[in-house]
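We count residues from 1, following the sequence as given. In each ligand, atom 1 is the first atom listed, and ligand 1 is the first ligand listed.
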Amino acid sequence: MAEAWSQRFDEGLNPFIERFNASIGFDINLLQEDLDCSIAHAQMLGDCGVLTAEEALQLEDGLQKIRHEAESGAFQPSLADEDVHFAVERRLIALLGPLGKKLHTGRSRNDQVGCDLRLWLRRQMDQVESEIKRLQKALFSQSDKHLYTLIPGYTHLQRAQPLSLAHHLLAYIEMLERDRERFLDVRKRVNISPLGAAALAGTSVPIDRQQTASRLGFSGIYMNSLDAVSDRDFAVEFTAASSLLMAHLSRLAEEIIFWASDEFSFVKLSDRCATGSSLMPQKKNPDVPELVRGKCGRVFGHLQGLLTMIKGLPLAYNKDFQEDKEAIFDTVKTIRDCILAMSILLEEGLEFCPDRLLEAVESDFSNATDVADYLVQKGLPFREAYQMVGKVVKYCLEEGILLRDLSIVQWREISNEFSEDIFEKLVPKQVVASRMSEGGTAFERVEQQLDHWRLRLNFGKE
Ligand code: ARG
């Protein structure tokens with residue numbers, strides 16, 4: 001190891017400390033980005049006359065060769081390389097001799113690692129973006145099928161008012177859209193180049209930071225070299241956006257889990273995404289949504305970990321930052337896996353049970369608000385109507401009957417405002433159809449939402 005360092009070092013590292021210090025075990029993930037950044041840097045050094053054009057070309061060729069070696073498995077960094085940056089530099093020197101030693105002119109691993117990580121994360125986020133869209137499409141397809149399927153709507157997990165099932169599922173598309181927007185917003189700050197900030201203060205080498213930034217597709221450069229090498233806000237922001245996404249996925253997961261229980265039986269899990277029990281032959285378990293729900297823990301943990309990691313750090317680079325990578329890598333892997341798992345679950349892993357859902361909405365008092373609204377239409381103040389219907393519900397509960405079981409005579413005993421048309425008001429489909437306010441669950445309104453998302457998610461029809 002000592003050979004990487006200046007002549008100031010006489011002795012090698014203690015073997016345990018060498019392992020403790022190394023990040024090669026995980027930052028090898030950044031190999032492609034490290035090569036991309038180094039190629040951009042070498043080209044820029046050539047253009048700026050710091051290196052000859054020939055030297056820059058040779059460096060680029062050497063770096064591409066390492067890329068091919070990595071593909072064929074011939075590039076095998078070791079612990080002694082410490083990290084991916086040293087591993088690449090060392091291999092380059094082995095390939096090119098003294099010229100390889102010129103690559104690091106005008107840069108430091110501090111700006112280099114920041115550059116690699118941002119590039120890597122930007123690429124991953126672009127995948128995440130389109131994967132969220134796939135999940136939205138899966139939700140859309142289910143919604144499109146179930147405009148007229150009714151589902152009990154809950155508050156406090158108590159039956160509240162019936163809904164179009166499409167309406168319920170479309171709520172998740174909205175949540176995911178906010179997630180997508182949040183990631184796009186975070187991407188703006190991920191996509192700023194720290195390269196050329198060097199160790200912390202900039203460099204006396206006449207480099208062109210704008211050039212490397214635009215070669216690598218960054219939208220701009222950090223204006224302050226200290227900020228450039230000490231900013232990990234983008235990592236925190238990304239993990240925060242990921243945490244909210246996971247929270248959303250876990251809410252959907254939780255609903256699917258109880259919908260699949262015998263008590264609800266609102267969905268049937270297909271064999272493609274459910275598992276059995278090793279002991280109980282009758283069981284079919286919702287492992288997929290349970291895992292998604294459970295994996296929130298690690299993503300929320302990474303957010304907490306990153307915040308704690310940067311708290312109180314003096315400017316500028318500190319080795320603490322090495323801890324950012326595993327948190328980011330694991331967050332990316334976890335959210336991508338969970339989005340995909342939920343997509344597959346919705347695409348082929350479950351089927352709603354419309355008959356059972358109808359039975360559910362027909363066997364409760366979730367039409368009680370509509371009786372109150374009926375009286376309001378007849379001129380009664382809402383609070384008075386509300387109290388009156390409360391009494392009726394109490395009576396029905398005592399009798400073990402539903403509102404629709406009351407006769408017209410009984411209704412008129414309660415108030416002579418009631419006439420025969422009260423019965424159609426009690427029909428769940430009618431209850432749903434009447435919620436015509438903007439954003440409400442009326443079929444017409446939900447159809448508008450479906451039209452909106454059909455266009456937005458590019459389902460032909462544009
Ligand atoms: N492996 C290091 C990291 O992940 C690279 C930067 C090291 N810089 C330094 N000055 N030691 O942060």
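- Between F266 and I151, some side-chain heavy-atom pair lies under the 4.5 Å cut-off.
- For residues 213-243, the ring pair (Phe, Tyr, Trp, His ring centres under 6.0 Å) pairs, not counting sequence neighbours, are F183-F238.
- Using modelled atom types, one finds a donor on one side chain and an acceptor on the other under 3.5 Å when comparing Q211 with R215.
- In this view, D34 satisfies the salt bridge (Lys or Arg N to Asp or Glu O under 4.0 Å) rule with no residue, not counting sequence neighbours.
- Residue pairs that meet the ring pair (Phe, Tyr, Trp, His ring centres under 6.0 Å) test with at least one member in residues 300-335, sequence neighbours left out, are W120-F329, Y317-F321.
- A salt bridge links R454 with D451: the closest approach of a Lys/Arg side-chain nitrogen to an acidic carboxylate oxygen falls below 4.0 angstrom.
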What are the distances between nitrogen or oxygen atoms of ligand 1 and protein nitrogen or oxygen atoms, counting only those under 3.5 Å?
residue, atom, partner, partner atom, Å
ligand 1, 1 (N), S23, OG, 3.1
ligand 1, 1 (N), D83, OD2, 3.0
ligand 1, 1 (N), Q322, OE1, 2.8
ligand 1, 4 (O), K325, NZ, 2.7
ligand 1, 8 (N), N110, OD1, 2.9
ligand 1, 10 (N), N110, OD1, 3.0
ligand 1, 11 (N), R109, NH2, 3.2
ligand 1, 12 (O), Y317, OH, 2.4

